[in-house]
Protein chains: 2
Amino acid sequence: MKEKKTTPITIKDLAKELNLSPSTISRALSDHPKISQATKKLVSDKAEQSGFRLNAIASSFRSKKTKSIGIIAPRIDIDFHSRVISGIEDYAYKSGYHVIIFQSKDSYKMEKEILQNLQNMMVEGMIICLAMETKNFDHLKKLIKTKLPVVFYDRTPETFDTNKITINDFESAFNATEHLIKIGCKNIVHIAGNQSTGIFRARLEGYKAALKSYHLPLRDDHIFVTHSLSYQEGLTCAEKILELNPLPDGVFCANDYTAASVVKVLNKRKINVPEQVAIVGFSDYPIAQIIEPSLTTINDRAVQMGEAAAKMLIQHIQDQDFDIIDHQVITLKTELIVRESSTRKA
Amino acid sequence: MKEKKTTPITIKDLAKELNLSPSTISRALSDHPKISQATKKLVSDKAEQSGFRLNAIASSFRSKKTKSIGIIAPRIDIDFHSRVISGIEDYAYKSGYHVIIFQSKDSYKMEKEILQNLQNMMVEGMIICLAMETKNFDHLKKLIKTKLPVVFYDRTPETFDTNKITINDFESAFNATEHLIKIGCKNIVHIAGNQSTGIFRARLEGYKAALKSYHLPLRDDHIFVTHSLSYQEGLTCAEKILELNPLPDGVFCANDYTAASVVKVLNKRKINVPEQVAIVGFSDYPIAQIIEPSLTTINDRAVQMGEAAAKMLIQHIQDQDFDIIDHQVITLKTELIVRESSTRKA
DNA sequence: TTTTGTTAGGCAAATGTTTGCATTAATTAA
DNA sequence: TTAATTAATGCAAACATTTGCCTAACAAAA
């Protein structure tokens, strides 16, 4: 029953068959300039015809180039991350790299463990979004000291300088809040994300700054801090918002899940969105277009963020000129997408 | 400016320092029974203290075990796939494997190309969801002939037998339709997926079978076949449904995006869901809970599908007993989740 | 004492490719 | 004709680890 494992054809086999040396085969296969066109054709034809495949492991072993990059994301079944990763994979594939993906599940322990694995695997670079639990950055600093190219996205280290791709969360939040003010809101609530994470602090600050700059009062009971901006937490916040007196006339949420929850609860209570309460979310998740009324939100450029991260990383891997760069920070433009939830009749 | 590249510590270095042979170090590190506890401790302490890391590439090269599995999905920024992949990664990680991910973008050409790459990389197994374009299965048959363990999920080959994990699309669709019938619908429309794909054909058949088994007439103009079940296509279908005379009293959609579109359009036209038209979707995407009214749908077990695929694959990789198995098919139970869009007042 | 067995570890080959350097053949300049 | 140059290819080492087989040392059995 047991079939004999067919041993794969190697470069040596080809060499023997063609009466050439292994080195010539190797060079012909990688289009080396010192090999004649005739020989190259000979080799590639033979390779094709005999079903030869280059052993990538042996090749990596010898050349020290694995053509692989590691990704650590908190999880991949979240719209934002799956889009970033899609962008990374796209760009990487076009550049001849492949991606190895791990989920930290927002655990510090996992993050450290994965980092170890990835280094053993000799990836040529890494793209990382920090786990929420991560407060100690020693493992990351140590990693960077090894000179392995690393790029962080979205949730990035704050206590030291490194390569990052982010959006301007402060400004985006400012714009979102300003938009509410401009359509006439005077009493604006914010549903905030976990304050141990920089981007959510920045969004809160942006909200505050907008109020301040328009001389609107800042009320503590207008800020609702959640743990993970989940749909569930959004529902609870919405209930609490309804108890506020007077009822706010605008809500800026740090993501679209919570914003959608608020819309839903207000709809149920027959409170008109946007006339009575206008709502702005963050991230432009698919639901933003689908819910009724459709949701004004911030396009957070997830796919582009992935592409930019991959591009930056691969430049650092390949380009000599980048050796001189200590670290690089790219901030992507965001865009306020105005939809029904903040469009009041004139 | 250029820092000297610190050469990594190898097994040989450890051997020299401890006056042991490389083979002993290797065995100690992998907990070989023939090495004494004392030596193991010595070695692992020294390894720890000196920052040694085992070169996984060299190890793979020699042992022919890469501990990696390849995934080919149409895309990863779609809820269903990102959840499946999350399930795969989870299970694989626990079992000591890592995953390399590629997106075929539903292109046949890409699929073939990726397959080549993956084989060169010497992954120990592959998990594949077919590209929509793929009609010719030669590349896959050839792959399977190499004895490399492969598991397909969701969109699986139909012209030959192989390892698969699917749900019972026919039965799920039957149940969904039956549910509509049982709440009193007599005039049910189906929004179908691309009919070149087996699972969408099966869903259509399930719909038809349910009508038949309840002696309801089957009308051609009640079936709307879409290209990719997108939100946009859902909107167009919904408009066409409104032109039907009489207006249908139930809609079964092959996914939640189109279902959400229909809900949205009907809401806009002030047609009451579920009283006038009841709606059932498929897949239990996050939006299903968020839209108003919330959507009755089929839980398609995406995460479990990923876990099951990884489990099956890893068994085939590791377990001698599986050599005797030619192919294996697992069909997961689905679940009808009844929500507001099909709950009529008694 | 000799034989047998056991335990812990060493030797050296093997893995498939790449690459610096050497070599050969062919061409050109002198 | 010969030296110098160029083009095309070969040689052999190197990469870090694993593994089949061998051996030394010691203990137990005969």
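The analysis underlying the following values was restricted to heavy atoms, covering all of them including side chains, and did not include hydrogens, waters or symmetry mates. In what follows, every chain begins at residue 1, and chains take the letters A, B, ... in the order their sequences are listed.
- Summarising the geometry, the separation between CD on A:Gln37 and P on D:dA7 is reported as 14 Å, rounded to the nearest angstrom.
- The phosphate of D:dT19 (OP1 or OP2) has no side-chain N or O of B:Ser23 nearer than 4.0 angstrom.
- Atom CG of A:Leu29 and atom P of C:dT19 are 13 Å apart (whole Å).
- Proximity of a side-chain donor or acceptor of A:Ser50 to a complementary backbone N or O of A:Lys46 within less than 3.5 Å is detected.
- Distance, A:Lys40 NZ to D:dA7 P: 13 Å, rounded to whole Å.
- Contact annotation: B:Ser59 reaches the phosphate of D:dT18 (side-chain N/O to OP1 or OP2, under 4.0 Å).
- Judged by distance alone, the side chains of A:Tyr97 and A:Glu89 never bring a donor and an acceptor atom under 3.5 Å apart.
- At the phosphate of D:dT9, OP1 or OP2 sits under 4.0 Å from a side-chain N or O atom of A:Ser36.
- Protein atom NZ of B:Lys16 is 14 Å distant from nucleotide atom P of C:dG10, rounded to whole Å.
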Can you name the atoms? Protein N/O to nucleotides 21-26 of chain C N/O, anything below 3.5 Å, with the distance.
none

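- Side-chain contact, A:His139 with A:Gln116: no donor N or O sits under 3.5 Å from an acceptor N or O.
- Remark: the B:Ser23 side chain and the B:Ser26 side chain contain no N/O donor-acceptor pair separated by less than 3.5 Å.
- When every heavy atom of B:Arg75 is checked against every heavy atom of B:Gln103, the shortest pair comes out as CA-OE1, 3.4 Å.
- By the 6.0 Å contact criterion, NZ on A:Lys135 is enclosed, its count of non-hydrogen atoms from other residues, nucleotides or ligands being greater than 12.
- Within the 4.0 Å cut-off from OP1 or OP2 of C:dG9, not a single side-chain nitrogen or oxygen of B:Ser21 is found.
- Contact annotation: A:Thr24 reaches the phosphate of D:dG10 (side-chain N/O to OP1 or OP2, under 4.0 Å).
- In summary, the side chains of A:Tyr108 and A:Glu113 do not present any donor paired with an acceptor at a separation below 3.5 Å, with no hydrogens or angles considered.
- Here C:dT17 presents its C1' atom at 15 Å from NE2 of A:His32, a figure rounded to the nearest Å.
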Between the protein and nucleotides 14-16 of chain D, list every N/O to N/O distance that falls short of 3.5 Å.
unit_1 : atom_1 : unit_2  : atom_2 : d
D:dA14 : N3     : A:Arg62 : NH1    : 2.9

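- In this structure, the ring of B:Phe160 has its center no less than 6.0 angstrom from the ring center of B:His327.
- Residues from residues 114-122 of chain A lying near DNA chain D, meaning a heavy-atom separation below 4.0 Å, are absent.
- Between the CD1 atom of B:Ile25 and the C1' atom of D:dT19 there is a distance of 16 Å, given to the nearest Å.
- If you check every strand for non-hydrogen atoms under 4.0 Å, A:Asn19 touches sugar and phosphate atoms only.
- With B:Ser107 contributing its side chain and B:Lys109 its backbone, the two residues share a donor-acceptor pair below 3.5 Å.
- If you measure from atom CG of A:Asp31 to atom C1' of D:dT9, you get 16 Å, rounded to the nearest angstrom.
- Between the C1' atom of C:dG10 and the CG atom of B:Leu18 lies a distance of 15 Å, rounded to the nearest Å.
- Contact annotation: B:Ser63 side-chain N/O to C:dT15 OP1/OP2 distance is not under 4.0 Å.
- Side-chain contact of B:Thr39 with B:Ser36: a donor-acceptor pair under 3.5 Å is present, judged by distance alone.
- Here B:Leu20 lies in heavy-atom contact (under 4.0 Å) with sugar-phosphate atoms only.
- In the displayed structure, B:Lys40 atom NZ is contacted under 6.0 Å by more than 12 heavy atoms of other residues, nucleotides or ligands.
- In terms of heavy atoms, B:Ser60 sits closest to B:Lys65 at OG-O, 3.1 Å.
- Look at B:Thr39 and you'll find a side-chain N or O under 4.0 angstrom from OP1 or OP2 of C:dG9.
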